[in-house]
A.B. asks: 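Before anything else, here's the structure in question.
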Amino acid sequence: MTIHGYMMNEKGDTSVAEFKTHLTVSSFCSSAAATFLLAASLATPDEVLLFFIMGVVGGLLPDIDSDSSLPVRLLFTFIATVISFLIMFNQGADNSAAELFTIWLVSFFVVNFLFFSMFTRITVHRGIIHSVPASFVFWFSSTLILYHFFSFSMQTVWMAGFFVFGGFLIHLLLDELVSLDLFGNGPKRSSGTAFKFANPRDLKSTVAVYGLAALLFAATPDYTPFVRTYFSPDSFASLRVFPDKGWFTHLYRTYLSRWQTKPKGAPGKPAGDPSFHRMNTPLTR
């Protein structure tokens with residue numbers, strides 16, 4: 001059950017932020033970060049939408065190892081749908097519609113049911129998946145998927161993966177802050193289990209996650225364009241956080257100029273339409 005935006009566990013400990021809280025916070029942070037990139041001319045509108053979606057997904061991923069949560073099931077279904085489409089898109093153009101749909105359906109079944117069942121069996125909630133090294137695994141995985149299945153540039157796929165990484169860390173920090181219970185009775189028993197770098201109770205999974213992160217990083221495309229584009233001293237030189245003069249003056253001038261240049265004539269008829277002139281020309285005897 002939930003109390004004031006937090007999820008109560010079986011022992012009555014409100015130690016985990018609920019799905020709605022994570023969704024709201026990740027959406028807000030992703031929107032703000034993507035907007036700053038747009039204002040700095042470092043992202044196109046299409047890339048802003050991509051970054052936002054990846055940030056929200058990253059903000060929900062740490063709880064993917066919880067098999068008892070309906071929102072987590074929905075998230076896994078969404079991921080399975082996307083992966084199934086990627087598999088279908090990678091097929092040859094000579095396949096029929098029935099063959100493509102069969103490929104999509106089989107892929108969806110395998111990912112959403114078989115893979116999810118195995119994943120939930122070998123993982124423990126708040127285990128190594130809910131950790132900092134796992135955030136790098138999802139970062140590099142997202143970068144690889146976007147690079148090999150979509151026509152995005154290297155800097156774009158790296159930044160999209162970085163949004164997954166950022167949303168993931170925000171989720172961990174939020175859970176950790178909730179477990180501290182700063183305005184309650186002190187730290188909960190779950191304190192320290194959210195934002196962690198290892199799982200002392202399961203060293204094998206810890207080593208496996210670190211090794212997987214290293215292998216995925218070795219397979220990623222060149223990150224130099226990403227660093228050069230977004231982290232050079234001049235990257236945000238054109239960014240204006242606040243307006244120089246009045247607020248929304250550019251927006252007002254844009255719509256005012258459009259209104260002033262609008263053709264004057266009958267509704268639905270341009271000023272140069274011959275029928276408009278015939279209807280509005282005085283009759284002569």
Side-chain angles (χ1 to χ4, degrees), residues 22-23 25-64 75-76 78-87 89-90 111 128-174 195 197 208-241:
H22 284 305
L23 179 62
V25 174
S26 61
S27 298
F28 176 81
C29 294
S30 299
S31 299
T35 300
F36 270 75
L37 292 178
L38 179 65
S41 300
L42 293 176
T44 64
D46 291 340
E47 291 172 340
V48 167
L49 180 60
L50 171 67
F51 296 158
F52 167 77
I53 293 174
M54 300 302 285
V56 173
V57 171
L60 303 177
L61 277 176
D63 285 339
I64 200 173
L75 175 63
F76 213 99
F78 171 77
I79 295 175
T81 303
V82 173
I83 293 177
S84 301
F85 272 115
L86 293 176
I87 295 174
F89 294 158
N90 201 36
V111 175
I128 195 59
I129 298 298
H130 203 284
S131 66
V132 175
S135 66
F136 287 93
V137 170
F138 286 107
W139 178 4
F140 302 149
S141 300
S142 303
T143 300
L144 283 169
I145 292 173
L146 290 175
Y147 181 71
H148 288 289
F149 291 98
F150 294 90
S151 57
F152 294 113
S153 62
M154 288 184 181
Q155 60 264 29
T156 298
V157 298
W158 270 103
M159 178 53 75
F162 185 74
F163 266 75
V164 174
F165 171 76
F168 201 103
L169 290 185
I170 290 173
H171 181 117
L172 300 184
L173 288 172
L174 186 59
F195 195 90
F197 292 87
V209 168
Y210 274 99
L212 180 59
L215 290 175
L216 290 173
F217 177 74
T220 54
D222 184 16
Y223 60 85
T224 305
F226 165 69
V227 176
R228 188 186 304 117
T229 301
Y230 297 105
F231 293 96
S232 66
D234 299 330
S235 295
F236 293 88
S238 61
L239 174 64
R240 291 185 299 112
V241 180

A.B. asks: Grab the two heavy atoms, one from Leu174 and one from His22, that are nearest each other, plus how far apart they are.
C.D. replies: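 Shortest heavy-atom contact: CD2-ND1, 3.5 Å.
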A.B. asks: Which heavy atom in Ser131 sits nearest to a heavy atom in Phe168, and how many Å separate them?
C.D. replies: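 Between these two residues, the closest heavy atoms are O-CE2, 3.3 Å.
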A.B. asks: Search all heavy atoms of Pro62 against all heavy atoms of His130 and return the closest pair with its distance.
C.D. replies: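 Of all heavy-atom pairs spanning Pro62 and His130, the closest is O-CD2, 3.5 Å.
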A.B. asks: What's the spacing between Ser142 OG and Leu61 CG if we round to 0.5 Å?
C.D. replies: 7.0 Å
A.B. asks: Please round to the nearest 0.5 Å and tell me the distance separating atom OG of Ser153 and atom CE of Met159.
C.D. replies: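 It is 10.5 Å, given to the nearest 0.5 Å.
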A.B. asks: Parallel, tilted or perpendicular: which fits the ring planes of Phe197 and Phe195, with parallel below 30° and perpendicular above 60°?
C.D. replies: perpendicular
A.B. asks: When the ring planes of Trp139 and Phe226 are compared, do they come out parallel, tilted or perpendicular, using 30° and 60° as the limits?
C.D. replies: perpendicular
A.B. asks: Do Ser235 and Ser232 have a side chain donor and acceptor closer than 3.5 Å?
C.D. replies: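 Indeed, the side chains of Ser235 and Ser232 share at least one donor-acceptor pair under 3.5 Å.
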A.B. asks: Shortest non-hydrogen contact from Ser135 to Phe165?
C.D. replies: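 Closest heavy-atom pair between Ser135 and Phe165: OG-CE1, 3.2 Å.
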A.B. asks: Between side-chain atoms of residues 50-59 and protein atoms elsewhere (two or more places apart, or another chain), which donor-acceptor pairs fall under 3.5 Å?
C.D. replies:
none

A.B. asks: Can you tell me which residue pairs pass the side chain to side chain donor-acceptor pair (under 3.5 Å) test with a partner in residues 214-225, sequence neighbours excluded?
C.D. replies: Asp222-Thr224
A.B. asks: Which donor-acceptor pairs under 3.5 Å do side chains of residues 32-46 form with protein atoms, sequence neighbours excluded?
C.D. replies:
| residue | atom | partner | partner atom | Å |
| --- | --- | --- | --- | --- |
| Thr35 | OG1 | Ser31 | O | 2.6 |
| Thr44 | OG1 | Glu47 | N | 3.3 |

